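In this text, all values refer to a predicted model and were calculated from it rather than measured experimentally. In what follows, chains are A, B, ... by sequence order, proteins preceding strands, each numbered from 1.
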Amino acid sequence: MSCKTRCPRGNAPGLIIMALRSLSQDLGYFTESEKGRQQLALKRTVGHWMITYGYCLYLEGVGTSMHPEQGPVWDWIQDNWRDVFKKMGANYQGDGPGILRRIPEEAMDEIREIFKVTGGMKRFENIEKFSKKKAKELNMKLDDGIENEYFQHIYKTNNGSHTR
Amino acid sequence: MDKFGFTISEGRQIDYESNDRRIAEYIFDREPSFRLCIECGGCSATCTTGNFTDFSLRELNILIKRGENEQVREKLKKCMLCGKCNLVCPRGVNTRNIVVLAKKAFQKSDEYAI
Amino acid sequence: MILAGKKAVWKDYQKEIAEDKYYYVRSCVRQNFFPGSETAFLKIMREELDKDVYENPCHTSCTGICYHSDIVPVETTMTVVARQFALMTEAGYENLMPSCITSFGLYTEILDTWHHFPEIEEKVRRQLKKATGREFKKPKNLAHASDVIFKFRKEIGAKAKYKLINKETGKPLKVVDHIGCHYAKMFPSKGVGGAEYPYVLTGMIEEWGGQIIDYPERRHCCGFGFRQYLVQANRGFSVACSKEKFESMRPFKPDMIITNCPGCPMFLDRWQYVINEMEGKRYGQNGEGIPVFTYEEVAGLVLGYDPWELGLQMHQTDCEPVLNKIGIDYSPEDKYNLDISPSYSKKHNLINV
Amino acid sequence: MGKHVVVIGGGVAGLEVAGQLSKVGIQVSLIEKDSKTGGNLNKWYKLFPDRRKSSEVKEYLNGITANDGINLMTNTSIEMFNRHRDHFSIITSGGRELIADAIIVATGFDLFKSARKEEYGYGIYDNVITSADLEEMFSRGEISLINNTIPEKIGIIHCVGSRDEKVGNFYCSKLCCVTAVKQAIEIREFLPESKVFCFYMDMRMGGVFYEELYREAQEQWGVSFIRGKVSEVSETIDNQLLIKVEDTLAGRPLKMKFDLLVLMAGMEMSEGGRKIAGIGGLRTGENRFFAANDNHFGSNISNIEGVFYAGTCTAPMNITETISHARAAVIEVIDYLKDSN
């Protein structure tokens, strides 16, 4: 969002891009581009964690296979997740306040209800629907989760022509 | 690319200080009118090659001044030297001669020879 | 560099920060990568500064990362944020204090949008009512957690056991401050010191004895960019941003980096590891990396907390160079010791969680 | 005619008005807040488009005002003025009351305070100066950096404080482009080894001989022009100034280092003018300059009968336009005084 600070005519190009991306997902055009197809990767990671746990990131079990750049210390954290977080004063999956607490089910119901009422769920369904259509077109397997061919393809492919 | 699944992207910034501007100096010395260019695009508008390829004489002039020699060397090859651009230039720059001189300049240094 | 010029700019951006009675909302990134920082933050606020900080267990993420990844429509985010306000109103608090910079930017942006388009606020009120039956009042004061630590930097400095000073040379540590993009870049008046020369971290460092470095790429983004990192194919762009910063700060020989956003310390820390692995390049002095800290970690160190309770062992780039320069007495052999029995912490008579 | 007119502001417009009024026998009181007249002209060394010395214009203005028909009151400002049926009563900062038949406001302009454009680092980084600072260096006869060395690479940044919503000035102040070209030539003249780069959004060279000056700057002096609005300036470890800009015509971001940066600050309504507007209830436009009664045939007439405007207090103008505008104000005043008796 550095563009907003600089525009002498008061525009925010970043917001325009966000509006266009929203539109392209609602209309299903996003699967036509390499970057657009990646929306499924986001929906099935941060999107999934949000409506399941109430956190955008819920990283126990998300190791260096998907994120090798996190480095060896992250492997140690993953291997000792509960003890590390207890040492850090977390209330991991516990009731009441605290770090990475378990958010009560009725709170999560409210969140999911908000997603339904405001079109959040609709967009998730859109992303899945058009991705499945594109996967069939590219005849790549796409079933749930992240281990399938289409997901790994969009997660890893970069045609290298983006920085002329 | 191997271990982490990506390569570090290169910046697209023109680093003015580290570019080599001998080609530009060579042209400025032999075609002073080159200084008059106001990058208005009249030449590239009328340019025949520009109509069929991504060649733009206006952009080429700028890349020469900035010392982006790699790109200049590639783009130079597309110019047919027909000289239509000279007729259009509102500042009377001998644009055709700039391309001729640039080609000559590149021939001189073996490292850049076309 | 003429410091008076910067001081004049800082004077223009005085920001109102609540005195007490804060409603704390946690950060997804900080909870996953720097849990020790949030624990230390609450310990400083409640025990050192004896402030009332309330945390409602039913509060959730503000959906910031999903919103900025464009997978969640803006109205969904606005309604979730409205629910956060509702929980705050219900708990009887008015001073919202987010721990995450992206949240702070999002709350600011939403309040500003509602200010200019009241009809959107009305629509969100209806949607929240329909979805959850809740009502809400807008926060009277919105300040980021780093604003609050900035506000009480003198009180913390007064209790300091250590200063950010090199023990041998007696000279102040040279510190690079990195401010999260969503802190002031979208709304300069909402950041202490404005968007060009933010003062929120500089104020802390000056108060605790360090010296701030102004290097050309200071304002450059750390590279998180949400989609640029979350999807492996784009990470080359993300690491390139941090690399741009490291190349630019290297000549200034910084001793450490301090940040106020939860994402930046993780990236500035991990990308040093990746660049070294891929290009064999180190940006610190004598072959080390540049240690990266959250402002809570720095406050904790200054107050004498045990580095391993602060969570410094969770960093990929070793922080020991700074601990040794300041002269903090810590036990290197306990770095990966996960024992939290009282005897362990009594041995260090420091923070016991 | 035995009439008495008070002229507020002793700059180019004020002096011209006073001189012309005294020529036709009208008694003038010229109020100037500084210790001497000349206003912004005093700060300028040479003038575009022909780079004549500003002292020559000063001599002309002193010449036409060197007569006893003008009561010059320096170090004086206006505290209050109000309109009665057939005259104005004006209270000066010295506490004196003046009775006048008409008032001509010629409060001129202030340069935009470049420190407000924080990202350019004026007043924060050592070698970032404004066009006014550069003119002072010209008049002192030396261009040097803070550490007294001679700069080799000099950057000139256009549109500082103009055409910029972020600082609340939407308008173009018209004259910074030609000033930049003039100063670029003067730098090249002073420092033959120097390299000068101008960063512009549009080269607005609309006045007489301006385009010719632009051409001369390129052809004879080798000044480079790069189209792009500089986004920020920062200081490198060896005290050079690094700028970030997009070379929009090459479509690529550009990083360049300079020894000296000159900011072309735009013209704004002067502080004195704003004060007078407040005291007298004079209407100002969205650009905060005095709002003329009519854009085509009423540019000297204010919203209060008997109060007239002259010069850059109504809009950015060069000296030629300022003097013409001042003469037009005198005709309006004479016309007005003729009707009222």
Side-chain angles (χ1 to χ4, degrees), chain C residues 1-14 116 174 176-179 181 183-200 202 211-221 237 240-241 243-255 283 285 290, chain D residues 112-130 132-133 144-149 153 155 157 160-161 164-169 199 229-246 252-263 265:
Chain C
M1 170 79 71
I2 309 159
L3 200 53
K6 277 195 177 177
K7 287 205 162 48
V9 170
W10 293 334
K11 201 165 48 49
D12 295 345
Y13 291 93
Q14 294 309 323
H116 288 102
K174 287 201 289 228
V176 157
D177 70 319
H178 175 75
I179 301 288
C181 290
Y183 175 66
K185 280 186 179 174
M186 298 200 291
F187 298 94
S189 62
K190 294 288 194 277
V192 173
E196 305 309 335
Y197 305 95
Y199 187 59
V200 60
T202 309
Q211 179 211 335
I212 281 290
I213 290 177
D214 186 351
Y215 66 103
E217 291 302 346
R218 175 167 51 80
R219 299 186 188 99
H220 201 289
C221 172
F237 176 74
C241 293
K243 186 180 171 195
E244 190 91 13
K245 292 181 78 69
F246 294 139
E247 295 291 339
S248 174
M249 70 175 82
R250 180 189 241 164
F252 294 82
K253 297 193 173 56
D255 294 306
Y283 290 105
Q285 288 119 58
I290 307 172
Chain D
F112 169 74
K113 307 241 171 336
S114 297
R116 279 181 53 205
K117 198 66 182 167
E118 299 153 13
E119 55 265 40
Y120 289 166
Y122 181 69
I124 292 173
Y125 298 130
D126 294 340
N127 294 310
V128 177
I129 64 172
T130 65
D133 302 336
S144 65
L145 304 179
I146 272 219
N147 53 11
N148 297 327
T149 57
K153 226 154 92 191
I157 302 179
V160 176
D164 189 349
E165 184 251 14
K166 288 294 184 296
V167 293
N169 290 345
F199 294 93
K229 182 166 179 65
V230 172
S231 75
E232 60 195 58
V233 172
S234 40
E235 218 171 41
T236 62
I237 189 92
D238 42 28
N239 242 343
Q240 277 199 309
L241 295 162
L242 180 72
I243 67 152
K244 286 174 95 173
V245 66
E246 191 198 35
R252 297 257 305 277
L254 176 66
K255 211 165 48 167
M256 271 175 89
K257 290 202 187 92
F258 288 96
D259 306 315
L260 180 69
L261 275 179
V262 184
L263 306 183

Spatial distance of atom [atom1] ([X]) from atom [atom2] ([Y]) [nearest 0.5 Å]:
X        : Y        : atom1 : atom2 : result
C/Arg219 : D/Ser231 : CZ    : OG    : 8.0 Å
D/Arg116 : C/Asp12  : CZ    : CG    : 9.5 Å
D/Tyr125 : C/Asp214 : OH    : CG    : 3.5 Å
D/Tyr120 : C/Glu196 : OH    : CD    : 10.0 Å

Open item on the list: Distance alone, cut at 3.5 Å: any donor-acceptor contact between the side chains of D/Glu119 and C/Tyr197?
Closed with: no

Task: Note: C/Glu217-D/Lys244 ion pair, threshold 4.0 Å (strictly below) - done: yes

Open item on the list: Counting only heavy atoms from other residues, nucleotides and ligands, does the tally under 6.0 Å from CZ of C/Phe237 exceed 12?
Closed with: no

Task: D/Lys117, NZ atom: more than 12 neighbouring heavy atoms under 6.0 Å - done: yes

Task: Close side-chain approach of C/Tyr215 to D/Thr236, heavy-atom, < 4.5 Å - done: no

Open item on the list: Are the side chains of C/Met1 and D/Ile124 in contact, using a 4.5 Å heavy-atom criterion?
Closed with: yes

For the candidates [options], which exhibits the highest count of non-hydrogen atom pairs separated by less than 4.5 Å from chain D?
options                    : answer
C/Val9, C/Ile213, C/Leu3   : C/Val9
C/Pro188, C/Gly5, C/Pro216 : C/Pro216
C/Lys6, C/Lys7, C/Arg218   : C/Lys6

TODO: Identify which part of D/Lys255 has an atom lying under 4.5 Å from any heavy atom of chain C, answering side chain, backbone, both or neither.
DONE: side chain

Open item on the list: Between D/Ile237 and chain C, with a heavy-atom cut-off of 4.5 Å, which part of the residue counts as in contact: side chain, backbone, both or neither?
Closed with: both

Open item on the list: To check you understand the geometry: which heavy-atom pair defines the closest contact between D/Glu235 and C/Phe252, and what is its length?
Closed with: O-CZ, 4.1 Å

